[in-house]
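A, B, ... follow the sequence lines: proteins, then strands. Residue 1 opens every chain.
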Amino acid sequence: MKEVDKMLECKRLTGGYSGDPILKDISFQVGEGELFGILGPNGSGKTTLLKMISGILPIKEGSILLNKSPLSQYSTKELAKMVAVLSQHSSQAFSYTVKETVSLGRYAHQNGWFQSWIEEDEEIVQRVMFQTGVASFEKKPIQELSGGERQRVFLAQALAQEPAVLLLDEPTNHLDLSYQKELLDLLKQWTKEKGLTVISIFHDLNLASLYCDRLLLLDNGSININEVPNDVLRKEKIKEVFGTDVERQYHPKEPVPQMVLLPGWKMPVTTEVHSIDIHPSMLQFTKSHIALQAPLPLRTMSSGVVGAGTGWHQTFVNRHVDKDYHCDDFRSDMLDFLKNHQFDPSTTVGMMTAVILEDVSYRFIEDDGYSVLVVVTAGVGNAVDASMSDSHKFELVPGTINTWIFVNGELTEEAFIQSIMIATEAKVKVMEHEQVMDPVTGTVATGTSTDSILVASTQKGEKLEFAGSITPLGKSISKGVYECTRESVQKSRKRFKS
Amino acid sequence: MPRQFIQKFLTKNKFIAYALAVCFLIVTILLGISIGTVSVPVLSIIHIIGSNLFPFLSIGEMDAMHETIVISIRLPRVILAGLVGAALAIAGAAFQGLLRNPLADPYTLGVSSGASVGAVMTLFFHISIPFIGSFTLPLLSVFCAFITIMIVLAFARKIDRSMRVETIILTGIIFSSFLGAVISLMIALTGEELRQIIGWLLGSVSMRGWDYIKIFLPFFVLGAAILAFNGKELNAMSFGEERAQHLGVNVAKRKMIVLLAGSILTGAAVAVSGTIGFVGLVIPHLTRLIWGPDHTHLLPLSILTGSGFLILADLVARTIISPVELPIGVITALIGAPVFAVILMKRRSERSG
């Protein structure tokens, strides 16, 4: 951080209420226009730190520099022009109107005995009431407002102070989802556009991760780490400070980490543990589709028509469509198909194939502590050599190899990806051994243009960290996929010839 | 809600608020002077007061007896009642804002009892501080009032850091009882006639004359002026001391100033009229109900309404079972205690509801 940008600096801060200091040796800096989050478990000293910065609690040792001057050099009024605070609780003994409450924010800016209310004050009050969305009920007594509305009134009051630094103690506490987002969007916008410095306590790690430039993690009165969210929100850090297990994921739209809780509650273990395992007996074959209804939702990674991507799904459907099937909106057609067959589209991974479903091939491979079920329907009507796919025009024709891999075990994300890799490699080998040719280029094909794959695992039992070709799981998958694909290709070719 | 509508309409029109309050005060003053064993017509009152204020304009004859009654007896009595009522009402309004406590007033906080101790000490031990002479009485009362409020608040904070409404009031009651006992003990030791003292303790503005007004006026002007200049700060502090500090109020200093001003008003009022309870509770409460809680208006309006109210209470006290005169504190307590109960019940239902 450049020297000029420094808005707040805490140097070796120690203190708190009388007696034992709550905060010990805290040093950090916050730059102008930063949105700075303070995290920590209850009792870690978050509120104490905020109260020391806002001048409510005395500093025992160390110093706080605000805009490069010590806090002690500011008079209460001068400080109020620089720093505004939105606390968690606000008492209101009397029913002031919204506007009266917001207007109090101008106190520090008014001078002289009569503290006259000038046009500028009125303008600012009107503006902040509009920005926080409280202008529409400015004449209402605050005691009649909901918790969220009241919180916004006090935010308006803080903004009316026109501070350079805004301190917030869990600002989203009483707000519902849309106002949480709106408030934080607004704060973020002000930090970027007006250079407002925001220092806020967060309980919600994920909100903090989404909006803060940097996070300070307090642990029992000391700084554990003070870094960008990506470095602070790590599984080990959270476990160390909060004492609870979490998993880390990435936000689907923003490049920031999100922490998810792992519930301690588990399904009671049934006497027969294997009863929840995926087994070939669960496969249902009909003329129109092959389906598998799992007893529990499975963790999936797939490229189906519905339910693609990563997720949790319980039903798996491979639908047969006619060779000449042509539908512009095949996705909604597939959804209709699922609904007509009493499958819940929200928990289903669905694929399509023109292959006659009798040509399906499946293997159940059991190994030490885990088992794999592979189901393949293969047709090579429009085989393609992927290395020369430029020569092809893309058309969505269902002449397809659909591969399902069910694993009774717990897979890591790496294992999921490696499973897909190894399954693909096995498929390519089948093409070569079966001499499936790409009719356009005249070379050996690597697959068809519309192949789909599904890897689904129960996430129970043996933990399978890797699925590379030398690991037992990798071997099981490649063996299963190779054998099934080859068998299915042969069946389909035989049918084609006859 | 019709009441809300009226409240909204009225808060917009502060001019109407002041006009109504002034009218109320003038009417009560005229009534207070006019009514009594000898009834004085309103026109004569205006005539008498006018010619006394502006002797050079004197026109026509007036009844000499009426003039004596008005100038020497009823006018000073009405003025004293008005000033005491104003002092107690504004002090109550300030204490309520400062402590965020609609039940606070000099009486319920024990400040009046503290002041009484000072006054009783001065009166019955005939204490007189050199050079200040007759001001010894109010000064000692003010001093004791201030000491009492400081101890009450320190004690309440010790019991309950959040200083809940009930805690403060309970502490006030404890101190009131204790100080009341101290007063009784002093009285017993001096052996004065009990009836007279109890009459004084329940409060009275009779037979005080112009001297008491002269003693009281400087204290009143000082205390009321200090409070009136702290309206904004009281607004901020009624949102909590931390909030007020964040808004830029020097809470430690302002709090002391308000407590001191409140003690000056209460102490001086008790010194001249005894302990008159509940004025500081009822008047700010009603004023806030009608005109809104903004202290910049609440304080001046409380002065006007409070003085009118006590003049009226005094009028009732001396006429209701005439010729016997009731202590004025009886009347204010008869009105104030039920109001206290209503506020308490409203708070309870608000919290549980």
- Message: Could you measure the distance from the CZ atom of B:R243 to the OG atom of A:S87? Nearest 0.5 Å is fine.
- Response: 5.0 Å
- More than 12 heavy atoms from other groups under 6.0 Å of NZ on A:K188: yes
- Item | Distance-minimising heavy-atom pair for B:P293 and A:Y96 | O-OH, 3.4 Å
- CZ (B:F155) with more than 12 external heavy atoms under 6.0 Å: no
- Assess whether atom NZ of B:K253 is packed by more than 12 heavy atoms of other residues, nucleotides or ligands within 6.0 Å. no
- Note on the structure: When every non-hydrogen atom of B:L247 is compared with those of A:L104, the smallest separation belongs to CD2-O, 3.8 Å
- Correct closest heavy-atom pair for A:T76 and B:Q245 would be CG2-O, 3.6 Å
- Task: Rounded to the nearest 0.5 Å, what's the gap from NE2 on B:H246 to CG on A:L79? Could you check?
- Result: 8.5 Å
- What part of A:I142 is in contact with chain B, defined as an atom under 4.5 angstrom from a non-hydrogen atom: side chain, backbone, both or neither? side chain
- Check whether any side-chain heavy atom of A:T101 sits under 4.5 Å from a side-chain heavy atom of B:F239, and report yes or no. yes
- Message: Less than 4.5 Å to any heavy atom of chain B: does that hold for the side chain of A:K51, its backbone, both, or neither?
- Response: side chain
- Item | Test: B:R100 cationic atom under 6.0 Å from A:F94 six-membered ring centre, within 45° of axis | no
- Verify the neighbour count for atom CZ of B:F95: are there more than 12 heavy atoms of other residues, nucleotides or ligands below 6.0 Å? yes
- Task: Would you mind telling me which of B:D294, B:N101, B:V249 has the largest number of heavy-atom pairs within less than 4.5 Å of chain A?
- Result: B:V249
- Task: Please tell me if the side chains of A:K77 and B:N250 come closer than 4.5 Å, counting only heavy atoms from C-beta onward.
- Result: no
- Tell me, for B:E241 versus chain A, whether the close heavy atoms (under 4.5 Å) come from the side chain, the backbone, both or neither. neither
